[in-house]
Amino acid sequence: MKIKFPIFLIFILAMGPQKGIVVADNQIAVDIGSQILKEGNAFDAAVTTALILGITHPHSSGIGGGGFVVFKNDNAIGSLDFREMAPSSFYPEVFIDGRNSRLGAWSVGVPGELAGLFELHKGRGALPWSEVVKPATRLAEEGFVVGPVLAAAIKSNFDSILSDPGLSVIFAPGGNMLKEGDLCQRPNLAKTLKKLELGLADFYSWDTAERSVVFLNSKGGDFGLYDFESYETKYRKPVSGSFRDFDIYSMPPPSSGGIAIVQMLGIFEASGLFFDRSLNATRSFLHAMTHAFADRAAYGGDPDFSEIPMDRLLDSSLHATLSVWSPEKGPQPTIEAGLASIKGDLPIVNQADDDGTTHFSILDKFGNAVSLTSTINLAFGSKMMDPQTGIIFNNEMDDFAARPGVPNAFGLIQGAANAPNAKKRPLSSMSPTIVVSNGQVYLALGASGGPRIITGTIQTLLTILDGGLSPQDALSLPRLHHQWLPETVWHEQGFEPMVLAELQSEGFLFKVGSSGVVQVAMFQDGEFKGAADPRKGAEVNISIVHE
Ligand code: GLY
């Protein structure tokens with residue numbers, strides 16, 4: 001009798017043991033990042049993956065932007081802030097005085113992306129810096145095939161692209177927009193990246209820095225070389241908390257994400273419920289979102305400029321109070337939400353979609369973890385590319401509370417702690433998060449999608465931790481989003497109709513809407529697993545790297 005050897009077993013043996021996993025929202029970035037992970041470690045792969053994403057999804061991130069990373073190495077969990085900083089010409093009324101916070105040079109902050117990647121890699125990467133940058137230089141030079149997500153972004157921003165000489169040469173040569181399947185080359189960016197292979201000096205002090213200042217000022221901005229030279233990344237103590245038997249680590253201010261996630265987990269756990277999409281669990285979770293986003297509005301800002309009552313916001317006794325205080329039925333009144341309403345700190349209210357952000361997660365067999373979210377804020381940022389350097393500049397300055405009581409591009413109301421100022425970083429929702437179980441990384445996850453980052457990340461986390469679902473199954477479930485104001489709760493199509501009907505009869509206001517785009521990497525029972533969210537419009541295969 002012939003013994004049949006299962007084909008898949010031979011395949012697995014031939015591949016060797018697992019070395020790690022790369023999960024991102026673009027296939028080219030996953031593939032090239034994985035090659036680097038095979039040769040090096042998670043920190044090497046993180047630099048390459050981030051740089052490649054800035055080329056293949058240039059509307060979502062890039063060296064003209066900034067971000068946050070929560071990471072683990074040598075049994076320590078850290079976070080690094082490489083958020084864009086306002087130039088020294090900024091002051092609190094800068095936008096009240098009539099400047100545009102979303103378009104053009106005044107919407108731009110000094111980019112932190114490269115300084116952040118360099119710092120993350122320093123002393124942690126296994127490969128030389130030049131080796132992890134080179135694949136990006138090559139891709140920008142040789143070009144890549146435009147995928148569905150970039151094609152859609154070009155189409156929906158076509159007028160802005162045509163009116164900017166830098167963007168139009170690359171994305172609409174001869175006035176014809178690039179479509180899916182076309183080759184996109186970025187020779188100007190390749191030159192900038194080539195210089196970057198040597199280190200950061202060119203970008204922050206020398207030619208490229210000088211060139212960026214000239215470019216931004218020619219567009220009506222007020223930048224000095226000093227703004228680039230004095231840019232600094234900051235290590236910050238991650239926000240930490242627990243949920244059930246898991247330890248949660250996420251991004252502290254100037255992100256609002258970590259505090260909001262730990263606060264919501266605390267309020268939800270104090271309710272004594274299980275996250276099972278039942279009526280009671282859904283109502284409690286909606287209340288938790290109202291409280292957390294009210295406090296985001298009241299207290300969120302750059303910790304180098306304002307006191308943020310972190311200890312009180314993260315205190316489990318506050319979470320217990322808020323969970324009891326929530327009405328038994330009906331929406332949480334928005335004027336009775338959060339620590340801010342107890343203390344009388346709620347901001348005065350006068351009452352987008354995500355395209356400008358990306359998240360990726362990388363784990364390796366050495367126990368390293370990288371959960372990194374990067375942004376240029378809205379699609380194609382300030383809608384300006386310097387034709388000489390190929391840098392697309394962010395419009396992150398709109399994440400400040402540009403005008404008191406007026407919502408930003410994401411409909412978020414924000415308080416005085418987030419007023420613009422010189423050298424200040426605007427409040428963010430980016431929530432790179434790591435979940436640890438018995439000292440080992442269990443999940444690394446995060447999202448893009450403005451405030452939907454926070455609610456998308458926490459629902460995925462709860463669905464995996466409480467519901468026991470795989471990352472892929474968790475991402476396939478419809479989600480909710482609520483951000484204190486407006487009072488609307490957005491739900492994705494297909495979210496438990498009976499639960500929504502009952503909550504509607506209690507007074508909740510529902511609208512169909514979108515959720516964040518979440519990327520999850522997991523280490524469970526000695527194996528790497530993960531899933532990339534299909535919500536951005538591309539099916540991305542995650543890559544499990546073998547030795
Ligand atoms: N620009 C989106 C965020 O930082 O939340």
Side-chain angles (χ1 to χ4, degrees), residues 25 50 53-54 57-62 64-70 79-86 101-103 107-113 116 153 233-234 236 239 250-261 292-293 296-297 299-303 352-360 371-383 392-402 407-415 417-418 420 424-433 446-458 481 483-484 514-519 536:
D25 63 13
L53 282 168
H57 279 180
H59 55 293
S60 295
S61 67
F68 299 130
V69 58
V70 176
S79 70
L80 182 66
D81 167 359
F82 52 100
R83 183 86 164 146
E84 299 90 328
M85 289 174 77
S101 63
R102 275 177 217 166
L103 286 175
S107 71
V108 178
V110 178
E113 181 90 357
T233 58
K234 294 227 165 167
R236 307 212 184 255
V239 170
S250 192
M251 194 65 209
S255 178
S256 57
I259 294 178
I261 284 177
F293 274 88
R296 179 196 193 279
Y299 302 118
D302 184 340
D353 212 9
D354 159 59
D355 274 319
T357 305
T358 191
H359 176 87
F360 65 82
S371 182
L372 190 150
T373 315
S374 171
T375 186
I376 50 174
N377 194 28
L378 303 178
F380 294 103
S382 60
K383 317 279 196 257
I392 299 172
F393 287 98
N394 67 83
N395 65 342
E396 218 67 55
M397 300 299 94
D398 190 57
D399 273 349
F400 279 122
N408 74 357
F410 298 107
L412 288 164
I413 300 287
Q414 320 190 64
N418 190 32
K424 193 173 173 184
R425 298 162 203 252
L427 182 63
S428 170
S429 297
M430 293 188 289
S431 314
T433 299
S448 54
R452 288 166 172 75
I453 290 173
I454 301 174
T455 52
T457 302
I458 188 173
H481 174 73
Q483 57 184 45
W484 177 56
S514 58
S515 181
V517 178
V518 183
Q519 267 63 249
K536 208 164 194 164

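Every number for a ligand or one of its atoms is a count from 1 in the order of the listing.
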Check: Any side-chain heavy-atom pair from Ser256 and Ile454 closer than 4.5 angstrom?
Finding: yes

Note to self: Which of the numbered atoms in ligand 1 are under 4.0 angstrom from any heavy atom belonging to Thr375?
What the structure shows: 1 (N)

Check: How far is atom 5 (O) of ligand 1 from its nearest protein heavy atom, and which residue and atom name does that atom have?
Finding: Ser429 N, 2.7 Å

Check: For Asn377 and ligand 1, does the shortest N/O to N/O distance drop below 3.5 Å?
Finding: yes

Next item on the list: Answer whether the closest heavy-atom distance between the side chains of Ser515 and His481 falls below 4.5 Å.
Entry: no

Item checked: Donor-acceptor contact present, side-chain His59 to main-chain Ala153, <3.5 Å -> no

Item checked: SB check Asp25 Lys536 (cutoff 4.0 Å) -> yes

Item checked: Distance from atom 4 (O) of ligand 1 to nearest protein heavy atom, with residue and atom -> Ser428 OG, 2.7 Å

Next item on the list: Taking Ser371 for its side chain and Thr433 for its backbone only, find out whether a donor-acceptor pair lies under 3.5 Å.
Entry: yes

Note to self: So Leu427 and Arg296, do their side chains get closer than 4.5 Å, heavy atoms only?
What the structure shows: yes

Next item on the list: Pull out every atom of ligand 1 sitting under 4.0 Å from any heavy atom of Glu396, numbered as shown with elements.
Entry: 1 (N), 2 (C), 4 (O)

Check: In the protein, what heavy atom is nearest to atom 2 (C) of ligand 1, and what distance, to one decimal place, separates them?
Finding: Asp399 OD2, 3.3 Å

Note to self: As an exercise, identify every atom of ligand 1 less than 4.0 angstrom from a heavy atom of Arg83.
What the structure shows: 4 (O)

